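Here's the structure we're looking at; comments come further down.
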Amino acid sequence: MGMADEFKKGVFFSAVGKYSNVVIQLLVTAILSRILTPQEYGIVAVVNVFLIFFQMLADFGIGPAVIQNKTLSKKDINSIFSFSLYLALFLAIVFVFLGGPISSFYHNEVYKPISAVLAICLFFYGIVVVPQSLLLREKRFGTVNLVTILANIASGIVSIILAFAGFSYYSLIIGNTVKAAVLFLIFYLKTQVRAEFKFDTEPLKRIFSFSKNQFLFNFINYFSRNLDSILIGRYFSASALAYYDKAYQVSLYPNQILTNVISPVIQPIMSDYETNLDKIKTVYLKITAVLATLGMPLSVFLFFHANEIILFLFGDQWGGSVVVFQILALSVWVQMISSSTGAIFQSANRTDLLLLSGILSAVVTVTAIFVGIFAGEMEYVAAMVVIAFAINFVQTNYLLMYRLFKANFTEVIKALVKPFLMGVIQVVIFMIMPEMPFTNLINLIIYGLVFVVFFGVGLLVTGQMNLFRQVIAKK
């Protein structure tokens, strides 16, 4: 099977999985947001920041390294899995005792019992890394996505039942734990990896140079991506964090629906072309053009209709998220394109450049977040984060084009010109279009139809329709 066919197959299964999971998450969130309060969501948002950090420690860059290294034998995989099991167990124990410091930092004793429950969740997320990466390495995209759908359904059902039963924020925490457990159990059975009491360290040494850079990138990227939530929860309030977090999560939905369909497929397939940089560059520029064509007009739509989107999805009690979401919507197209760059660095086996990009991004983002926090409003934080995304987009693509591909940055700019014109068309239409006096749902349907019509007009006017024809034709 050729690269184009593998991409088509991978993207198809990834699309089925991502779209199904987004629908499931939206339905579950829409129900839970009308049962639980912003305060309860804020408590979970605080502890989730630390959970994500420990999940990153548990991964240790092993996942992408397993996918990239095609020489690892079954025995090697078992040794790496054994290491990940011991590491996950150690981190889970540490996480139990982390509840005390978290409670002191946020002046709320509730985080002590929450940390004990989430330690179980962390353990399962830690030991699922190797089985899941092995399935991706074997390009079994259908299996990975089907299992993820089942895990999300199980998690959603448990969370909703517990929320109705009065379990408050524990309904979210236990639901997440159920998801991690289901993912591990099925992936484990599908791959039949085995843990060993004593394991060989040689396979770990072989993947260390790759996983080291990947881990350091993830470590740095964590703080640049989560510092805003940590500081908002500490210096503003749990409710403010809930509003901010809800807006931020919705701003990521386009990534989940569009970009994350492509990104998981890039490294498993493009790693076969590690030494063919021209091939990787061609693929990246085409991906950039496609994502920008979708993302720029979509950013405009989300900006103009943030109020209807937030209130329809979560209810009137989440009005505090509207302005933050409107600001973050401006960065949607940037996030969509940037989310694919990591897989490109990995495919070329240049995690050193990925690490450098992560360091530069962290400096920019952390500086921006502190400026926003000192300004005293979560809306200022959101605005500074958007500025940071834009700066980091430029520096990351500079590293890709000049350092990796030895090419000219203008190639990226050329890929963005026509999508920009499509965005301008949407701006003009929604600026002159009057406000609709109907319900949020009816208004969204009307605005959505207008968006689709003029998106099609933009494709025809700019000639971007040919780009999509080429993609469909697998050229």
Side-chain angles (χ1 to χ4, degrees), residues 213 216-232 244 247-248 251-252 254-255 259 263 281 284-285 287-289 291-296 298-300 302-303 323-346 350-405 407-417 419-420 423-424 427:
N213 289 327
L216 290 174
F217 167 78
N218 291 341
F219 185 86
I220 294 168
N221 191 53
Y222 163 83
F223 286 102
S224 64
R225 283 285 189 169
N226 293 280
L227 183 64
D228 48 356
S229 295
I230 294 174
L231 296 180
I232 288 174
Y244 181 89
Y248 194 94
S251 75
L252 295 178
N255 259 336
T259 313
S263 296
K281 184 186 77 169
Y284 173 66
L285 290 175
I287 289 173
T288 297
L291 294 178
T293 299
L294 296 169
M296 286 190 178
L298 183 59
S299 292
V300 174
L302 297 176
F303 175 83
V323 176
V324 174
F325 175 62
Q326 190 173 36
I327 296 169
L328 293 174
L330 297 173
S331 70
V332 164
W333 70 273
V334 175
Q335 294 188 64
M336 287 174 61
I337 297 174
S338 298
S339 65
S340 67
T341 56
I344 297 297
F345 282 122
Q346 292 167 347
R350 292 301 305 270
T351 52
D352 58 328
L353 289 180
L354 177 64
L355 174 59
L356 176 58
S357 174
I359 293 172
L360 296 175
S361 296
V363 172
V364 172
T365 305
V366 168
T367 301
I369 289 171
F370 272 115
V371 171
I373 291 293
F374 287 138
E377 298 289 342
M378 61 181 178
E379 289 81 4
Y380 290 132
V381 178
M384 294 307 301
V385 166
V386 170
I387 293 173
F389 279 142
I391 295 173
N392 290 331
F393 173 80
V394 174
Q395 64 88 3
T396 299
N397 277 278
Y398 174 86
L399 289 176
L400 272 173
M401 301 309 293
Y402 284 99
R403 296 288 298 276
L404 179 59
F405 298 134
N408 200 307
F409 187 80
T410 56
E411 293 187 54
V412 175
I413 297 176
K414 288 178 182 178
L416 300 178
V417 172
F420 175 77
V424 171
V427 169

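Predicted model, so just to flag it, every value in this text is computed and none were measured.
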request  = Test Tyr284 against Leu404 for side chain to side chain contact (heavy atoms under 4.5 Å, CB included), laying out the working first.
outcome  = CA-CA 12 Å; Tyr284 173 66; Leu404 179 59; over 6 Å; no

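Atom OG1 of Thr341 and atom CG of Leu353 lie 11.5 Å apart (nearest 0.5 Å). Atom OG1 of residue Thr396 and atom CG of residue Leu354 lie 9.0 Å apart, to the nearest 0.5 angstrom. The CG atom of Leu328 sits 7.5 Å away from atom CD of Gln335, with the distance rounded to the nearest 0.5 Å. Within the model, atoms CG of Leu291 and CE of Met336 stand 5.0 Å from one another, a figure rounded to the nearest 0.5 Å.
For the side-chain contact (heavy atoms from CB on, under 4.5 Å) with Phe370, the qualifying choice from Val381, Leu227, Thr365 is Leu227, the only one to do so.
You'll find the side chain of Met296 reaches within 4.5 Å of the side chain of Leu416, heavy atoms only. Taking 4.5 Å as the limit, every side-chain heavy atom of Leu330 sits out of range of all side-chain heavy atoms of Ser299. Val364 has its side chain out of reach of Gln395: every pair of non-hydrogen atoms, C-beta onward, lies at least 4.5 Å apart. With a 4.5 Å cut-off on side-chain heavy atoms, Leu400 and Asn397 count as touching.
Nearest heavy-atom pair across Ser361 and Asn392 is CA-OD1, 3.2 Å. Pairing each heavy atom of Ile327 with each of Val386, the nearest pair is O-CG2, 3.4 Å. When all heavy atoms of Leu360 and Leu399 are compared, the closest pair comes out as CD1-CD1, 4.4 Å. Scanning both residues, Gly423 and Val300, for their nearest heavy atoms gives O-CG2, 3.6 Å. When all heavy atoms of Phe393 and Val334 are compared, the pair lying nearest together is CB-CG1, 3.6 Å. Here the closest heavy-atom approach between residue Asn408 and residue Met401 is recorded as O-CE, 3.6 Å.
A donor-acceptor pair is defined here as one N or O able to donate and one able to accept, closer than 3.5 Å; such a pair exists between the side chain of Ser251 and the backbone of Tyr248. Counting only distance, with no hydrogens or angles, the side chain of Thr367 and the backbone of Val363 share a donor-acceptor pair below 3.5 Å.
Among pairs with a residue in residues 368-382, none fulfils side-chain hydrogen bond (donor to acceptor under 3.5 Å, both in side chains), at least two apart in sequence or across chains.
Residue Tyr402 qualifies as enclosed at atom OH: its count of foreign heavy atoms under 6.0 Å is above 12.
Taking the centre of each ring, Phe420 and Trp333 stay at or above the 6.0 Å mark.
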